[in-house]
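Keep in mind that this is a model prediction, so the values were computed, not measured. All residue numbers in this chain count up from 1 along the given sequence.
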Amino acid sequence: IDYELSDKKNENASSFHVFSAMVKGSYHVFHKHAEAQIYQIHGRKIWYFLPPASKRPSKGNPCDLMMGTGTFKLTDEESRSLSSVLQQPGDTVIVPDGWYHATCGLDD
């Protein structure tokens with residue numbers, strides 16, 4: 001799914017609703033949108049964040065970043081700006097408006 005359809009924000013949108021079901025190794029590529037609060041019900045997920053001023057990273061499996069495998073790599077500049085968060089059941093992650101983010105499912 002490409003959440004970033006354009007750089008222009010939808011001024012009529014009052015909120016962003018999403019339901020995500022992931023299994024180990026599934027992922028969402030880097031994308032950005034309005035602020036969102038994501039609550040984790042089951043399993044763990046790792047989040048990667050890049051500031052809004054960053055160039056959009058290439059599409060690829062962000063699980064490769066954690067495992068050090070695969071072909072997805074960040075530039076040196078992206079690596080210096082990268083932040084990560086481990087989300088566990090009961091945690092809420094607040095995705096700031098306009099921040100690029102990607103996720104990797106760690107559990108089934």
Side-chain angles (χ1 to χ4, degrees):
I1 298 174
D2 191 350
Y3 297 97
E4 186 181 13
L5 300 176
S6 74
D7 288 334
K8 187 175 181 180
K9 291 183 181 177
N10 183 349
E11 300 298 329
N12 297 323
S14 60
S15 63
F16 182 81
H17 302 279
V18 65
F19 174 81
S20 174
M22 299 178 77
V23 296
K24 184 176 183 176
S26 63
Y27 61 94
H28 293 281
V29 298
F30 276 98
H31 61 281
K32 65 180 178 177
H33 47 70
E35 180 180 300
Q37 298 178 16
I38 312 294
Y39 180 78
Q40 188 75 7
I41 296 172
H42 178 78
R44 298 171 303 144
K45 178 188 304 181
I46 191 153
W47 289 78
Y48 296 104
F49 292 94
L50 288 168
S54 302
K55 181 179 171 188
R56 184 178 186 166
S58 60
K59 291 186 178 181
N61 184 343
C63 298
D64 291 347
L65 296 173
M66 183 182 68
M67 303 302 284
T69 60
T71 59
F72 182 66
K73 306 268 190 258
L74 294 174
T75 66
D76 289 342
E77 181 180 336
E78 290 167 339
S79 293
R80 286 189 297 273
S81 300
L82 185 71
S83 297
S84 61
V85 172
L86 175 63
Q87 186 179 26
Q88 300 186 61
D91 291 346
T92 298
V93 169
I94 298 173
V95 179
D97 183 37
W99 278 65
Y100 284 105
H101 54 284
T103 60
C104 176
L106 302 178
D107 300 311
D108 286 330

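Hydrophobic cluster membership of Y39, counting Ile, Leu, Val, Met, Phe, Trp and Tyr whose side-chain heavy atoms lie under 4.5 Å apart directly or via other members: I41. Hydrophobic side-chain contacts under 4.5 Å tie I94 to no other Ile, Leu, Val, Met, Phe, Trp or Tyr residue.
With E77 contributing its side chain and R80 its backbone, the two residues share no donor-acceptor pair below 3.5 Å. Remark: side-chain polar atoms of D108 are not paired, donor with acceptor, to backbone N or O of V23 under 3.5 angstrom. Using modelled atom types, one side-chain atom of H101 and one backbone atom of H31 make a donor-acceptor pair closer than 3.5 Å.
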Are L106 and L86 close enough, and set up right, to give a side-chain contact (heavy atoms from CB on, under 4.5 Å), and what steps lead you there?
CA-CA 10 Å; L106 302 178; L86 175 63; 3.4 Å; yes
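For the salt bridge (Lys or Arg N to Asp or Glu O under 4.0 Å) test, residues two or more places apart in sequence or in another chain that qualify with D107 are R44. Every residue two or more places apart in sequence or in another chain was checked for a side chain to side chain donor-acceptor pair (under 3.5 Å) with S26, and none qualifies.
Note: T103 OG1 to I46 CD1 = 10.5 Å, rounded to the nearest 0.5 Å. M22 CE to Y27 OH: the interatomic distance, rounded to the nearest 0.5 Å, is 10.0 Å. In this structure, CZ on R56 lies 8.5 Å from NZ on K32, to the nearest 0.5 angstrom.
Residue pairs meeting the disulfide (SG to SG under 2.5 Å) criterion with at least one partner in residues 27-76, sequence neighbours excluded, are C63-C104. The side-chain hydrogen bond (donor to acceptor under 3.5 Å, both in side chains) analysis of residues 82-93, with sequence neighbours excluded, yields the pairs W47-Q87.
Across every non-hydrogen atom of P57 and L50, the tightest pair is CG-CD1, 3.4 Å. Nearest heavy atoms, F72 versus S58: CE1-O, 3.0 Å. In plain terms, the two heavy atoms of K55 and E78 that are nearest each other are O-OE2, 3.9 Å.
Ring-plane geometry between F30 and Y48 is classed as tilted, the angle between the planes lying from 30 to 60 degrees on a 0 to 90 degree scale.
In K73, the NZ atom is crowded: over 12 heavy atoms of neighbouring residues, nucleotides or ligands sit closer than 6.0 Å. When the shell of 6.0 Å around CE of M67 is examined, it contains 12 or fewer heavy atoms from other residues, nucleotides or ligands.
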